[in-house]
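Report on one structure; see the data block that follows.
Note that the coordinates shown come from a computational prediction; the quantities given were computed from them, not determined experimentally. Lettering of chains follows the sequences in order, A, B, ..., and the numbering in each one begins at 1.
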Number of protein chains: 4
Amino acid sequence: MFNDADNLTEKQKGILTAATELFAEKGYAATSTSEIAKKAGVAEGTIFRHYKSKKDLLLTVVSPVMIKIIGPYIKKDLYNVLDAEFDHYEDFLRAMIANRINFITDNISFLRIVVQELPFHEELKNQAVEHIGKDIFEKLRGVIRYYQEKGQIVPGHPDAIIRMVGSSIFSYILSRYVLFPESAWEDEEIEIDRIIQLLSNGIGMIDE
Amino acid sequence: MFNDADNLTEKQKGILTAATELFAEKGYAATSTSEIAKKAGVAEGTIFRHYKSKKDLLLTVVSPVMIKIIGPYIKKDLYNVLDAEFDHYEDFLRAMIANRINFITDNISFLRIVVQELPFHEELKNQAVEHIGKDIFEKLRGVIRYYQEKGQIVPGHPDAIIRMVGSSIFSYILSRYVLFPESAWEDEEIEIDRIIQLLSNGIGMIDE
Amino acid sequence: MFNDADNLTEKQKGILTAATELFAEKGYAATSTSEIAKKAGVAEGTIFRHYKSKKDLLLTVVSPVMIKIIGPYIKKDLYNVLDAEFDHYEDFLRAMIANRINFITDNISFLRIVVQELPFHEELKNQAVEHIGKDIFEKLRGVIRYYQEKGQIVPGHPDAIIRMVGSSIFSYILSRYVLFPESAWEDEEIEIDRIIQLLSNGIGMIDE
Amino acid sequence: MFNDADNLTEKQKGILTAATELFAEKGYAATSTSEIAKKAGVAEGTIFRHYKSKKDLLLTVVSPVMIKIIGPYIKKDLYNVLDAEFDHYEDFLRAMIANRINFITDNISFLRIVVQELPFHEELKNQAVEHIGKDIFEKLRGVIRYYQEKGQIVPGHPDAIIRMVGSSIFSYILSRYVLFPESAWEDEEIEIDRIIQLLSNGIGMIDE
DNA sequence: AATGAATGAGACTTCATTCAT
DNA sequence: TATGAATGAAGTCTCATTCAT
């Protein structure tokens, strides 16, 4: 996971891991520090030796990851994509989807926390906007413009395109891997083809 | 709001309204019954005269609404849409979007609760799947098929289409009305045209 | 005691009494709320239904008393004294001493708290200065001037006189009733005569 | 300060100094050992290497000082006074007052601790009575008797005289240097003359 | 000797829930 | 039906003290 970080004692790593999982599973407010302690196998007081408060623990669980891991993680992928200079944007999408699936399923606990707690904690919101919103979104605009200039993507304001592409991918992953993992899904490849097909040509019949 | 229901005393309505707003604002676990009581202008004990427990209050806030209000609400809209038998699916989309905007902005508190608490309460999940998942999704499949048969929408498994259309609309509303209401947005009409355009023709250039 | 006040439930009175005694006995910081609860025969939570915090309890124990009881108490005595218009200031002193003895021994718990905690709590200090310092001191100056004008007390700045008289009385009571109650003391009357004698004529031999 | 004592490492002196100041400032019970450690610039554990417990630290802060420093300090002064064989007790008082002012203002932290914590710790009380009560009080009686025999001080039980003189001086210093240092005070010399005048001749008019 | 991570008892406080009025 | 005082379990957090390094 992301705790391979460094200068942390075993206990501290245990606390972070336990907190991450419990926050994801039950929500921040419904998780007690004594549960975290028990799961981490430490005394409750130990938690507060390292984190000033429960809130501080939440921010720690969420913040350095956001900064150190997710930021570079996403950026690295984007750079790969850009450097690879795919001949066609569809290849870009395909790479993107594959990568997002890995990312989301790998970091599902962390993402759940972010999504669940974001609305309730100003501090989290600031961090999220700071480290994802601005940075990543700008990169994505560049990508879209790149393929627009290559004449592969329709012209127009990139934000609307990003929203449509992004939400399509996101809702697919959400549906398949989080909400209804037990439903009967077709082969990954086929589903992805379908999404790219729809994104590329739209849902309208050509003759219109 | 939705409390115009019926056989509820003023106190009960007050409790439900207060609970709805506070749950939406701070989350279920972080809201105390005494806060609810204060906001509703009743004594703490009064809440428990009407609702067995705090959890019961959450379910009450969320469940009968889901059943009595949202179900019909959505269905009524869909029937309107279906009855209207739009000549073109784009008109259907347009009506759908307008309607969803109203619905979401009107019921933002309620929806926040559902989204936030869904993952943590088995009972809620069951209700949601029962009353929205199955019911609504089936209707939507019907709509898609209707326009597929009219030759306006590309053939293919409706679910993927629903996901793409739904998530596009949803992410637009989410972005504009919930996440970044203070950003500089263009005219609603233009934005909607853009979405429908993208949905219809896709993001790929035609000659491909 | 001072809890004969009013609109307080039995429990609340119990809490105040228990807190007063324990704070006096062990000091504020060394007294736990669970001890107070046990001594008062209530659940620990009950304390916090009535007092926002432990600090709030301290202020309550100390403040309204200072305002409602001690203020009038002292004032009433002073007025009695002033109204009585003693022929001689020695009679005033005698009355004063008798009264102070009663007051201090009656309110020993309360006074201990004030003396012990005053240095550590800004709020207390403010209250004390407000309600005793200003008010009482001014009254005392009036008394001194009264007897100065009658030609019974030496002229000069009243504050120094008040300090000497006050501290003599105070140190006598402190020694006899608080610090060394088990020592062998002479008859009260004799001791008081001695003090008044010393205060009146000083410690120097007359011929000087 | 008083820690120039001896065989103490820098660390130990730092701990004692930090503890003294913090105990004086916030009270014993409200001071944490970690605060002391931080202020002293040592690790938390180091305190317990030198002092068995927090209580032991308090006793150390207060005890050897009481024995080694204050005792001799006071005694030395008294001997000076006695050796000097002032012609007049007023000179003695003047020297005494000057000396007490220095002593109190120099050792204010230490004295605060003694005064504050004395009532709560049996051990402290014993030490105090042992090393000050008995010893010093006996010396003072001697001084009083000395001037009584010289015919300068009125005859009578010395204790009452000591109390009056002592408390007058004490209350002056307390008022001027501790409680209301920011008030408008007259010249030290004038104030002291006033006190000695009052102590010598009393507050009554001579003709009585 | 010194460190500081770890502990666990216990501090203060909150809160859902009960019950006499 | 409504109240709100009372409860006690549980929550967050502090702190003196221990111990491996």
Interatomic distance where CD belongs to A/Gln12 and C1' belongs to E/dA5 [whole Å] = 9 Å
Check: C/Glu123 and C/Lys55 side chains under 4.5 Å, non-hydrogen atoms | yes
The reported gap from CG in C/Asp106 to CG in C/Leu111 (rounded to nearest 0.5 angstrom) is 10.0 Å
Atom-to-atom span, NZ of D/Lys55 to P of F/dT17 - whole angstrom | 10 Å
Report yes if the side chains of C/Tyr28 and C/Ile113 come closer than 4.5 Å at any heavy-atom pair, otherwise no.
-> no
Strand DNA chain E as a dot-bracket string - pairs counted if Watson-Crick or G-U with both distances under 3.5 Å, | where the partner lies in another strand | .||||||||||||||||||||
Does B/Tyr51 use its side chain to pair, donor to acceptor, with the backbone of B/Leu59 at less than 3.5 Å?
-> no
Taking all non-hydrogen atoms of both residues, which atom of A/Glu44 and which atom of A/Ala37 are closest, and how far apart?
-> CA-CB, 3.7 Å
Where along residues 33-45 of chain A does a heavy atom come under 4.0 Å from DNA chain E, residue by residue in number order?
-> A/Val42, A/Ala43, A/Gly45
What heavy-atom pair brings C/Lys54 and C/Ala29 nearest, and what distance separates the two atoms?
-> NZ-O, 3.7 Å
Report yes if the side chains of A/Glu25 and B/Phe120 come closer than 4.5 Å at any heavy-atom pair, otherwise no.
-> no
Using atom CG of D/Leu58 as one end and atom C1' of F/dA16 as the other, report the distance to the nearest whole Å.
-> 14 Å
Just compare F/dT17, F/dG11, E/dA16 and give me whichever is closest to any side-chain atom of D/Ser53.
-> F/dT17
At under 4.0 Å, does any side-chain N or O of C/Lys11 touch on OP1 or OP2 of F/dT7?
-> yes
Would you indicate whether the side-chain heavy atoms of A/Val62 and A/Phe23 approach each other to under 4.5 Å?
-> no
Within the structure shown, what part of the strands sits under 4.0 Å from B/Thr46 by heavy-atom distance: base, sugar-phosphate, or nothing?
-> base
To the nearest Å, give me how far apart CG (D/Asp56) and P (F/dT18) are.
-> 12 Å
Atom CD1 of D/Ile47 and atom C1' of E/dA1: how far apart are they, to the nearest Å?
-> 15 Å
Rounded to whole angstrom units, what separation is found between the NZ atom of A/Lys26 and the C1' atom of F/dA10?
-> 12 Å
Considering just the side-chain nitrogens and oxygens of B/His50, establish if one lies under 4.0 Å of OP1 or OP2 belonging to F/dA2.
-> yes
Between E/dA5 (P) and A/Lys13 (NZ): distance, integer Å | 15 Å
Using heavy atoms to find the nearest nucleotide of DNA chain E for B/Arg49 and B/Ala30 separately, return the residue whose nucleotide is more 5′.
-> B/Ala30
Consider the side chain of A/Phe48, meaning its heavy atoms from C-beta on, and name the nucleotide among F/dT17, F/dT14, F/dT3 that approaches it most closely.
-> F/dT14
To the nearest Å, how far apart are D/Tyr51 OH and F/dC15 P?
-> 21 Å
Smallest separation among heavy atoms of C/Leu57 and C/Ala19, with atom names | CD2-CB, 3.9 Å
